[in-house]
Amino acid sequence: MRQFSKKYVCIKKDREFRWLFKNGSCTVTKAFICYFRENKRRNNRLGIVAGKKIGGAVQRNRARRVIREAFRLIEPELASSTEKRYDFIFVARSVAVHMKSTGILKLMRKNIPGKLAQRSDS
RNA sequence: CAACUUUAUUGUGCGGUCGCGGGGAGUGAUCCGUGAGGAAAGUCCGGGCAUCACAGAGCAGGAUAGCUGCUAACGGCAGCCGGAGGCGACUCUAGGGCUAGUGCAACAGAAAUAUACCGCACCUUUUGGUGUAAGGGUGGAAAGGCGAGGUAAGAGCUCACCGCGGGACGGGAGACCGUUGCCGCCUGUAAACCCUAUCCGAUGCAACGCCGAUUGGUUCCGGGGAUAGACCGCUUGCUCGGCGGUCCCGGAUUAAGGCGGCUUGAGCCUUUCGGCGACGAAAGGCAUAGAUAGAUGACCGCACCCGACAGAACCCGGCUUACAGAUAAAGUUGCGAU
RNA sequence: GCGCCAAUAGCUCAGCUGGAUAGAGUAUUUGGCUACGAACCAAAGGGUCGGGGGUUCGAAUCCCUCUUGGCGUG
């Protein structure tokens, strides 16, 4: 298990990861599995998990970078569309290694906003 | 030209926009410059560095194993010697000692470090005895091989040649090589125990050093409070009595956390000199990651063969393993041409 | 990152020290027992001993190397 995220909007602690896996909602695509839950902070927070399953260090780094880049692009859209802020954890799957970040971004646009809306309705 | 052998280098490149780590400049917005590998890998060896231990020596345990050198050191490298393979360039080689001792050698075979089954010969006699190791067969291995002499039949029993071992002599720095009118013929296995020679203290940056409060734990010290009652420990088993503790404050210690260690080091490049070479010496030049859940991605343009294996985590020297291709040098063999 | 183990039948393990037959339990299949099953009894099949190389007459075992799992350590 390997965890990563950016400095000022990161999820670091092991217990936070566990908490999200247990209590968060999730959505699944071919490239990643996304867990998310509303938080009470000012920022959206990000955590990425790239397990040993998907390959060596090169493959894991690649997956992390691609997901992080895609999240960087979609984050302003999420922030502007709703007042609420969320914690996200992306678990990389082996397909993500061979994808471009634009491909991941499309998957995120397609899946995430809808799911967020669903949760806030219910 | 074809088929090879060896060695070395390289590992998409350039420009633009956004994004990330470290550094520098600035009050600041921001700007400048920099940012993974030959294996960064496996963690198989050797060091540096750090803490602990340590008078010296020995035993035990581990490692290495032709020689001479190189080196901080090595199980690495260079050159040479011996052995094996190849027409050759060349490649591979744990390569000390079973003639120090002990152990092991299944099955087969008469017999496995010793012997006599079938044979062969002689003597007795119809069955044994004696002498043999030519031949047969077994096995990885059967008292060196082969020929002649010799003999009842045979045998290094004797002789010539060859092989191996020892001694002597000569050459070499040494491993070794050569000669020999001398002495011998000894199974294999030490990646079996072991012997000989040389080397080795242990643990590893999650080492180690420093900082650290309104927090928690632990034990100790100092001061104060309480000793009405309760509880715990000690005081011999019980009762009484006694002593210490509980609560508060301060200090020490430790854990989460932060900083250092953290990149200038046996450094890299060029030239000259010494050396067959590994390498060493001198001169000149270069600044080249330092993260701490862990930094390199996305998009656009151009070119081509459309880019392999793959990501630093204290640092070096090697080894081993993975690797699409591209380039250069030296050399061998074969064919053809001149 | 550092330190250290293991790999043998479908599954769980022994054999490795000290070299020459790969074995046990379980599972599978067949037969018996039973009215039928379970249990029990008897038998059978099933092994590149993780891969490669070396030492040896001979390697699951000894040596080297690679691969795959697992453990410890803040």
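Chain naming here is simple, since letters A, B, ... match the order of the sequence lines and numbering starts at 1 in each.
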task = Both distances under 3.5 Å, Watson-Crick or G-U wobble: report the partner of B/C4, or none.
result = B/G331
task = Could you tell me whether B/G38 is syn or anti, where syn means a glycosidic angle within 90 degrees of zero?
result = syn
key: Per-nucleotide protein contact string for nucleotides 297-302 of chain B, where B marks a base within reach and S marks sugar-phosphate only (heavy atoms under 4.0 Å, - for neither)   = BSS---
ask   = Looking at side-chain heavy atoms only, is the closest gap between A/Ile48 and A/Ile89 below 4.5 Å?
value = no
Nearest-angstrom distance, P atom, B/G33 to B/A50 = 40 Å
note = Looking only at heavy atoms, the pair that brings A/Met108 and A/Phe32 closest together is CG-CZ, 3.8 Å
query = Syn or anti: how is C/U55 classified when any glycosidic angle within 90° of 0 counts as syn?
reply = anti
Pairwise C1' distance for B/A328 and B/A303, with rounding to whole Å = 24 Å
inquiry  = Within 90° of 0 counts as syn, otherwise anti: where does B/G217 fall?
reply    = anti
request  = Would you mind pulling out the nucleotide paired to B/C104, Watson-Crick or G-U wobble, both distances under 3.5 Å?
outcome  = B/G188
Span that lies between the P atom of C/A20 and that of C/U61, in whole angstrom = 12 Å
query = Paired with B/A53 by Watson-Crick or G-U wobble geometry, both distances under 3.5 Å: which nucleotide is it?
reply = none
ask   = Between B/C70 and B/C276, how far is it from one P atom to the other, in whole Å?
value = 14 Å
message = Parallel, tilted or perpendicular, judged at 30° and 60°: which one describes the rings of A/Phe36 and A/Phe88?
response = tilted
request  = For B/A278, give its Watson-Crick or G-U wobble partner with both distances under 3.5 Å, or none.
outcome  = none
message = With a 3.5 Å limit on both atom pairs, tell me what B/U236 is paired to, counting Watson-Crick and G-U wobble, or say none.
response = none
ask   = About how many Å separate OG of A/Ser25 and OH of A/Tyr86, when rounded to the nearest 0.5 Å?
value = 9.5 Å
ask   = A/Val49 and A/Ile33: same hydrophobic cluster, using ILVMFWY side-chain contacts below 4.5 Å?
value = yes
ask   = Is the glycosidic torsion of B/A36 within 90° of 0, making it syn, or is it anti?
value = syn
Base partner of B/G37, which must satisfy Watson-Crick or wobble distances under 3.5 Å = B/C309
key: Nucleotide opposite B/A197 in a Watson-Crick or G-U pair, distances under 3.5 Å   = B/U64
message = According to side chain to side chain donor-acceptor pair (under 3.5 Å), who are the partners of A/Glu69, at least two apart in sequence or on a separate chain?
response = A/Arg72
Taking only N/O atoms, report every protein-nucleotides 41-43 of chain B pair under 3.5 Å with atom names and distance.
none

B/C98 versus B/G103 - spacing of their C1' atoms, nearest Å = 11 Å
note = Minimal heavy-atom distance between A/Ala70 and A/Leu105, with the atoms involved, is O-CD1, 3.5 Å
note = Taking pairs as Watson-Crick (N1-N3 plus N6-O4 or O6-N4) or G-U wobble (N1-O2 and O6-N3), each distance under 3.5 Å, the stems of three or more consecutive pairs with RNA chain C are C:1-7 with C:67-73, C:10-13 with C:23-26, C:28-32 with C:40-44, C:50-54 with C:62-66
task = Using the C1' atom on both, measure C/C11 against C/G47 and round to a whole Å.
result = 14 Å
note = Separation of B/G311 atom P from A/Arg60 atom CZ, nearest Å, is 8 Å
ask   = By side chain to side chain contact (heavy atoms under 4.5 Å, CB included), which residues pair with A/Ala31, not counting sequence neighbours?
value = A/Thr29, A/Ala96, A/Met99, A/Ile104, A/Leu107
key: Distance, P atom - from C/U55 to C/A60, rounded to whole angstrom   = 16 Å
query = Rounding to a whole Å, what distance do you find between A/Gln59:CD and B/A308:C1'?
reply = 13 Å
task = Indicate syn or anti for B/U288, taking the glycosidic torsion and treating anything within 90° of 0 as syn.
result = syn
query = Roughly how far apart are A/Cys26 SG and A/Tyr35 OH, rounded to 0.5 Å?
reply = 5.5 Å
remark   = Checking N1-N3 plus N6-O4 or O6-N4 for Watson-Crick, or N1-O2 and O6-N3 for wobble, each under 3.5 Å, the partner of B/C157 is B/G149
ask   = Rounded to the Å, how far apart are A/Phe71 CZ and B/C20 C1'?
value = 16 Å
inquiry  = Expressed as a whole number of angstroms, how long is the span from A/Ile67:CD1 to B/U296:C1'?
reply    = 17 Å
query = For atom C1', what is the distance between B/A291 and B/U51, given to the nearest Å?
reply = 26 Å
inquiry  = I need the CG-C1' distance between A/Leu105 and B/G19, as an integer number of Å.
reply    = 14 Å
message = Show me the pairs that pass salt bridge (Lys or Arg N to Asp or Glu O under 4.0 Å) and involve residues 93-110 of chain A, at least two apart or across chains.
response = A/Glu77-A/Arg109
